[in-house]
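Step one of this worksheet: look at the structure below.
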Amino acid sequence: MKQEDFFKNLVAHCKEYGFIFPSSEIYDGLSAVYDYGQLGVELKNNIKQYWWKAMVQYNENIVGIDSAIFMHPTIWKASGHVDAFNDPLIDNKDSKKRYRADVLIEDYMAKIEEKIAKEVEKAKKRFGEAFDEAQFTSTNPRVLKYKEEFAEIDKRYVKALEDNNLADIKQIILDLGIVCPISGTRNWTDVRQFNLMFSTQMGSVNEDASTIYLRPETAQGIFVNFLNVQKTGRMKIPFGIAQIGKAFRNEIIARQFIFRMREFEQMEMQFFVRPGTELEWFKYWKEKRMQWHKALGLGEENYRFHDHEKLAHYANAATDIEFNFPFGFKEIEGIHSRTDFDLSAHQKYSGKKLQYFDYELNESYVPYVIETSIGLDRMFLSIISKAYKEEVLEDGSERVVMSIPAFLAPYKFAILPLTKKDGLPEKAREIMDKLKMQFMCQYDEKDAIGKRYRRQDAIGTPYCITIDYQTLEDNTVTIRERDSMSQKRINCNDIAAEANFAF
RNA sequence: GCGGGAGUAGCUCAUCCGGUAGAGCGACAGCCUUCCAAGCUGUAGGUGGCGGGUUCGAGUCCCGUUUCUCGCUCCA
């Protein structure tokens with residue numbers, strides 16, 4: 001099957017069986033937003049729990065928090081999100097190419113500077129030893145003209161940026177006669193603003209309301225609580241703070257199902273270390289996180305590292321763990337050495353000291369940070385895309401099976417009375433009532449037994465428990481395993497032990 | 001944002017040159033059935049994405065709009 005068809009089938013399957021629905025579907029949908037259905041939410045919760053246990057429960061020096069999505073607006077100034085991600089964009093209608101309007105203007109200004117430099121170069125040759133650059137650039141009429149032009153553009157451009165005057169930015173491009181390098185035309189669209197962050201109002205009275213942002217990453221909620229957690233939890237460096245939560249980004253193009261959504265969920269851990277040791281810890285977490293992924297059993301060949309050449313404004317080392325999605329290897333988790341960028345920035349903007357007193361060194365410092373940040377939705381997608389299989393069985397019949405790792409599966413057991421009479425349903429209910437206190441179970445008595453097995457295969461239930469007439473006599477049931485379809489007879493009381501989920 | 005494709009039942013899709021919309025699967029109720037789908041009976045479910053135009057008559061032709069999707073641009 002072609003990858004494209006496979007992916008299409010997977011998406012259709014997710015909708016049909018209640019894993020993922022397009023948002024607001026009865027109103028024609030909402031671009032790049034999805035809802036998790038009754039099965040999706042179970043799988044998602046199980047993934048969260050799996051991660052939380054690996055990070056928080058199994059590491060004595062890591063604790064978790066749940067910070068609010070709303071935060072003080074200055075936080076996003078400090079983090080660099082306000083300034084770094086609001087680019088004015090413009091399209092050339094002929095070449096269909098998109099540019100950053102500010103870059104176009106800055107390139108043009110750079111050209112003027114080049115011209116000045118060339119004049120100086122020429123003059124240098126002409127005057128030789130006697131050349132006085134300062135005098136030349138302040139008197140030569142051609143240079144003066146360039147300088148004047150430069151200053152004029154600069155003044156107007158800076159003002160336009162400050163006022164966020166998109167119309168004037170376009171006008172500058174038109175006035176300067178800037179052409180598209182590809183088409184060579186001046187056929188430009190209006191300048192539009194790209195904003196990474198969603199903004200909203202806080203304050204019920206309009207006039208008093210102030211703009212606040214929906215967080216574009218959960219990390220900042222950890223950083224601003226660094227001291228709270230450190231002091232109240234008596235945490236000693238190195239230690240980590242973990243968090244699972246929603247984040248929001250206004251993607252220019254959001255696509256590929258739940259891979260890139262405008263509203264998504266992150267599982268992040270910020271690990272605070274002594275300055276100078278950050279690259280050791282970076283290496284530690286890089287390996288540790290990769291092991292975690294590989295332990296899931298989706299196939300080790302489906303993971304690889306992708307080290308960053310170009311680093312973000314806050315990092316001094318960064319790598320991605322990439323997963324082999326149906327549309328190729330893409331980032332599923334990022335591990336970043338964020339230096340002391342965030343804590344220092346918050347220290348500066350808040351005026352509060354965000355430092356740690358290290359008794360071993362007998363000194364205070366701003367800790368360095370290693371971040372592990374995994375996309376929960378991407379994790380979800382990686383699991384279902386490897387779990388989804390369309391199989392042809394030996395007898396030529398077909399089945400769709402979701403080989404979700406048993407401990408993550410939405411339902412652990414399906415309870416199936418072989419027929420729905422002669423007391424079998426009653427016995428089945430009895431077993432169901434016991435198991436459901438501990439496991440998510442589904443009861444089904446409709447249709448032939450084979451059909452019910454297939455239904456459970458399609459939603460990834462690892463074990464089917466079938467109650468027959470023998471059950472009434474000796475309290476044994478048939479347990480049927482999803483992937484192998486093998487069956488065996490066991491005592492009712494051994495069901496949980498037999499399934500033996502690798503939690 | 002630009003360009004291509006598409007929106008008909010819960011799902012997958014038909015409906016030929018314009019004549020009051022159909023199948024398979026699925027769902028539900030019942031029958032039959034002692035362990036791997038497609039046995040029988042019945043039922044529910046559609047203002048054909050939305051708006052307008054042409055026509056005696058539009059799911060079908062035309063225009064607009066919206067949503068999805070693929071490619072390009074962008075991606076901390």
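Per chain, numbering begins at 1; letters A, B, ... match sequence-line order.
- Per the geometry, OH belonging to Y34(A) stands 14 Å off P belonging to U67(B), to the nearest Å.
- The pair R455(A)-D447(A) meets the salt-bridge criterion, with a side-chain N (NZ, NE, NH1 or NH2) lying under 4.0 Å from an Asp/Glu carboxylate O.
- Atom pair M197(A):CE and C75(B):P shows a separation of 17 Å (rounding to whole Å applied).
- We find that CD1 of I332(A) is positioned 22 Å from P of C75(B), with the value rounded to whole Å.
- Within the shown strands, G39(B) is the pairing partner of C31(B) under the Watson-Crick or G-U definition, both distances less than 3.5 Å.
- Pairing of C61(B), defined by two Watson-Crick or G-U wobble distances under 3.5 Å, is identified with G53(B).
- Across all non-hydrogen atoms, the minimal contact from W51(A) to A242(A) is CH2-CB, 3.8 Å.
- A straight line from CZ of R455(A) to C1' of C25(B) spans 13 Å, rounded to a whole angstrom.
- With both pairing distances under 3.5 Å, C72(B) is matched to G1(B) as a Watson-Crick or G-U wobble pair.
- With rounding to whole Å, I459(A) atom CD1 is found 12 Å from A27(B) atom P.
- For the residue pair K15(A) and F21(A), the shortest heavy atom distance occurs at O-CE2, 3.4 Å.
- Spacing of P atoms, A9(B) relative to A14(B), comes out at 12 Å, to the nearest Å.
- Distance noted for atom P between G51(B) and U8(B): 16 Å (whole Å).
- Contact between E331(A) and R378(A) at its shortest, heavy atoms only, is O-NH1, 3.1 Å.
- For the P atoms, the distance from G49(B) to A58(B) is 15 Å, rounded to whole Å.
- Going from the P atom of C25(B) to that of G5(B) covers 34 Å, rounded to whole Å.
- The minimum heavy-atom distance linking T471(A) with C492(A) is given by the pair CG2-SG, 4.5 Å.
- In this structure, Q266(A) and A12(A) both approach RNA chain B, and ranking their closest nucleotides by distance from the 5' end singles out A12(A).
- U69(B) sits 15 Å from C11(B) when the P atoms are compared, rounded to a whole Å.
- In this structure, G45(B) makes no Watson-Crick or G-U wobble pair, since no nucleotide meets both defining distances under 3.5 angstrom.
- F413(A) and F439(A) have perpendicular rings, their planes meeting at more than 60° on a 0 to 90° scale where under 30° would count as parallel.
- The interatomic distance linking L39(A) (CG) with G10(B) (P) rounds to 20 Å, in whole Å.
- Whole-Å rounding puts the Q456(A) CD to A37(B) P distance at 15 Å.
- U55(B) sits 12 Å from G19(B) when the C1' atoms are compared, rounded to a whole Å.
- Applying ring-ring contact (aromatic ring centres under 6.0 Å, His included) to F327(A) and the options F257(A), F6(A), F259(A) leaves one that passes, F259(A).
- Distance NZ (K15(A)) to P (G26(B)): 18 Å, rounded to an integer number of Å.
- Look at the P atom in both U65(B) and C56(B): the space between them is 28 Å, to the nearest Å.
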Given side-chain contact (heavy atoms from CB on, under 4.5 Å), test I244(A) with E265(A) step by step and report yes or no.
CA-CA 7 Å; I244(A) 298 174; E265(A) 202 154 2; 3.7 Å; yes

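- The gap from the C1' atom of U66(B) to that of C50(B) amounts to 7 Å, rounded to the nearest Å.
- Using the Watson-Crick or G-U wobble rule with both distances under 3.5 Å, A6(B) pairs with U67(B).
- Annotated as syn: C17(B), whose O4'-C1'-N torsion sits within 90° of 0.
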Across nucleotides 30-36 of chain B, 5' to 3', mark each nucleotide with B, S or - according to how protein heavy atoms within less than 4.0 Å reach it.
S--SBBB

